[in-house]
Structures are given as C-alpha cells and as structure tokens.
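Worksheet for the structure shown next.
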Amino acid sequence: MLHVTLRQLRTFEAVARLRSFSRAAEEQHVTQPTVSKQIRLLQDAVGLPLLEQIGKRIYLTQAGEALYATCGGWLDTWGRFEQTIADLRGVKQGRLRIATVTTTKYFMPRLLGPFCAQYPGIDIALEVVNRDRVLERLARNQDDLYVMGVPPDDLDIIREPFLENTLMVLAAASHPLAQRRSITLGEVAKQPFILRERGSGTRLTVERMFRERGLSLNVRMELGSNEAIKQAVAGGLGLGILSLSTLHPDPSLDEVAMLDVEDFPIRRHWYLVWPRDKQLSVVAAAFLDFLRGHVDLLMHREPPRV
Ligand code: PGA
C-alpha cells in the first residue's frame, strides 16, 4: 500500500497539468520549494520518478502519466465531497472551473462579477479558448461547466440554451453594400471575407450555412480574434461575420455596418454544456441556478433593423 497524501496528489496534478513548478506553486498559493518537496515525497512513496525535467520543459514519465490519468478523477470526487460538507455547514465554497469559447469573453466575465459577490467563498477558474480546445477539455472532463455556441453531436451531454447568439454580416461603414437592402447570399459570397480560424464555432456555423446553400466563401484572411476581425473589416479588408455579442450597442462606434443579407442574421443560442453522467458539484449547481435567474443581466439585444 502506498502512503500518499491528498496534498501531494493535488500538487502533482497541478504540476502535470501546467507543466510548471512555478505556475503550480502560484495556483496552489504555496512557494516553489514546497511544490518540489511535495513531489519528492510523492516520488519516494511511489518508488519511481514521476516527472522528468529536460531543459526548461517538464515531461511525465510512464508512471507519472498513469498517476495523472487516475488522480484527476479522485481529486474531482474529493473536491465535490468538500463542497458538499461546506454546503451542509451553510457556506458555498470551492473552485468553479468553466471553459468557455473565445466569443463569450464579451459577457461571461461580466456575469461572474455579481455571482462572486453573492458567493464570496467561490473562486473561479475561467478558461477562454476556441471551440476545438473547449471540446478537448470537455472530452477530458477538465472543468465543471462549458459554454459554447455549437455543442458537439457526438458526445453524451446536457445542453442548456441560456442566451441568444446572433451572427451578423459586417462591412466597413463606407462599403457600397452598407447602403443596399436585400443583398443575396450569392452576392455576398463573391466578396472577400475575414473569418475566424478553423476550429471556431463562428467559422463552423458560417461555413455550414454557405455549404448548405451550395456556396463557398471567399476567405481573404483568417484571424483568431473577434476584435482583430472588427478592425480588419473597419479598415476595408473585407466583410466579416461575427456574433452580435462582440459589437458595441451602437455599431457605428466600431466603424462597421451590419448588412441586410438574405438568411441573416443567423439566430442561435449560447449553451451551457456538461457531460450527462457528470455529477455536478455544489458550486457548479449554484452557478447554474444563478445563471438561470440572471440572464437578464446579460443585455438581451435584438439585432438592429438594417
Ligand atoms: P467561437 O464560438 O468563439 O469558437 O467562434 C462562438 C460561437 O459558437 O458562436
């Protein structure tokens, strides 16, 4: 029987995930020598090296990989137990881990403010990445909840729509199409586009829609940032398709115009997603309840008439 402590496992999991002693120390609010000591004690107990440092990089040994694959589940279960005990004592505390797609950065952080004010004992780890990365994290069960616009079809998940997510076609305010009405999809497809990177939910939705109409897009440039796309569109490099959530309530301040294009805006939703068989922690359940009761905090915006 191996004598290891929960503290050692927590430290190891953080080092293995972050591939860094210093970042693990920061996350665990301890010093780097404390992290090194916990790892040394754990390696002594296991009797095999778990980590290997080559230059500045940290690699997991075979034993380290095996431990990393198992300890995530244990720590998750133990974390839920600790939260349940705190809840029975009348306080909600613990860590809420949310992975959310790039575009939600325009509203998720704003929603977390009032949530944290209501539950000061809950601290949040918010991972903002594109849809592909969110799906990887979901498949590895790395977080409590996930937020995205295009939930996957091939995973057994619960998806709960909580907000409208509308896609608009944008052009520079001075673009000739900005003055036109009822522009056809065929006309738009001939224009150069600045699109999000492959793996983004916005890109996936747009390409699917054009493909279904037998059209393909003329992609002049790919950019991983909605802000950069807005700047490129405002600068006249091409048309863009972005979520209404990314725009200023008065789009003229972004120096872009929303075009009146057939089949646009594309009306969809933002979804909260989690694996169907996942037992939600107390803090995750508190966040779900909060979100259900507070969606009005997130400006519900009707797409303006164009
Ligand atoms: P994205 O997702 O930020 O990965 O493009 C947004 C969406 O699905 O609307």
Side-chain angles (χ1 to χ4, degrees), residues 97-112 124-140 142-143 145-155 157-170 188 193-213 216-217 219-233 237-249 251 254 256 258-259 261 263-275 291 295 298-304:
R97 292 158 308 171
I98 308 176
T100 180
V101 295
T102 319
T103 307
T104 64
K105 76 164 189 197
Y106 293 89
F107 58 84
M108 279 307 284
R110 246 186 292 171
L111 190 69
L112 293 172
I124 315 254
L126 182 69
E127 199 69 44
V128 184
V129 284
N130 88 4
R131 179 178 179 270
D132 267 3
R133 298 284 91 72
V134 171
L135 292 188
E136 276 171 29
R137 296 181 69 91
L138 170 63
R140 279 194 255 126
Q142 276 184 281
D143 308 271
L145 294 167
Y146 304 84
V147 182
M148 64 190 91
V150 192
D153 293 325
D154 56 345
L155 294 176
I157 51 164
I158 296 187
R159 60 190 76 195
E160 185 168 316
F162 67 99
L163 189 69
E164 277 214 347
N165 177 12
T166 306
L167 291 183
M168 315 286 304
V169 184
L170 306 174
V188 158
F193 267 89
I194 323 292
L195 287 189
R196 282 283 304 279
E197 77 287 3
R198 280 171 204 284
S200 116
T202 311
R203 174 77 177 253
L204 189 78
T205 309
V206 169
E207 284 194 331
R208 230 183 239 169
M209 192 248 203
F210 277 77
R211 206 178 320 116
E212 278 165 11
R213 309 280 191 289
S216 60
L217 280 152
V219 184
R220 169 176 274 180
M221 197 189 278
E222 282 187 6
L223 291 171
S225 134
N226 294 312
E227 279 308 306
I229 292 180
K230 262 194 275 176
Q231 293 302 326
V233 168
L237 277 175
L239 305 189
I241 298 177
L242 290 180
S243 170
L244 190 60
S245 316
T246 67
L247 296 180
H248 195 278
D254 284 319
V256 294
M258 297 182 189
L259 300 188
V261 179
D263 293 330
F264 275 89
I266 304 177
R267 289 176 185 274
R268 9 183 335 247
H269 285 95
W270 289 114
Y271 294 87
L272 264 164
V273 170
W274 64 98
L291 199 63
V295 267
L298 306 162
M299 294 174 300
H300 257 299
R301 285 171 62 194
E302 265 303 296

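Along the sequence shown, residues are numbered consecutively beginning with 1. Counting starts at 1 for both ligands and their atoms, in listed order. What's counted below: heavy atoms across the whole structure, side chains too, no hydrogens, waters or symmetry copies.
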Can you list the atoms of ligand 1 that are under 4.0 Å from a heavy atom of Arg131? 4 (O)
Has the side chain of Asp254 got a donor or acceptor atom that lies under 3.5 Å from a matching backbone atom of Leu247? no
With a 4.0 Å cut-off on N to O distance, would you call Arg133 and Glu127 a salt bridge? no
Enumerated ligand 1 atoms positioned under 4.0 Å from heavy atoms of Gly149: 8 (O)
Please identify which atoms of ligand 1 are closer than 4.0 Å to at least one heavy atom of Thr102. 3 (O)
Keeping the roles fixed (side chain from Arg137, backbone from Thr100), state whether a donor-acceptor pair exists under 3.5 Å. no
Answer yes or no: does an N/O atom from Gly201 fall short of 3.5 Å to an N/O atom of ligand 1? yes
Per-atom contacts, ligand 1 versus Ser200 - under 4.0 Å to a heavy atom: 4 (O), 5 (O)
Identity and distance of the protein heavy atom lying nearest atom 3 (O) of ligand 1: Thr103 OG1, 2.6 Å
What do we get for Arg196 next to ligand 1 when only non-hydrogen atoms under 4.0 Å count, side chain, backbone, both or neither? side chain
Nitrogen or oxygen of Asn165 less than 3.5 angstrom from that of ligand 1: yes
What protein heavy atom is closest to atom 5 (O) of ligand 1, reported as residue, atom name and distance in Å? Thr202 OG1, 2.7 Å
Can you tell whether the side chains of Glu197 and Arg203 come within less than 4.0 Å, N to carboxylate O? no
Closer than 4.0 Å to some heavy atom of Trp270 - which atoms of ligand 1 meet that? 6 (C), 7 (C), 9 (O)
Should Asn165 and Ser243 be marked as a side chain to side chain donor-acceptor pair (under 3.5 Å) after you check the CA-CA gap, both sets of side-chain angles, and the distance that decides it? CA-CA 6 Å; Asn165 177 12; Ser243 170; 2.9 Å; yes
Using every non-hydrogen atom in the two residues, find where Leu126 and Pro109 come nearest and quote the distance to one decimal. CD2-CG, 4.4 Å
Counting heavy atoms only, name the option from Arg268, Arg203, Glu197 that's nearest to atom 9 (O) of ligand 1. Arg268
Check whether any side-chain N or O of Lys230 sits under 3.5 Å from a backbone N or O of Thr246 as a donor-acceptor pair, and report yes or no. yes
Checking side-chain contact (heavy atoms from CB on, under 4.5 Å) against Trp274, which of Leu138, Asp143, Leu145 comes through? Leu145
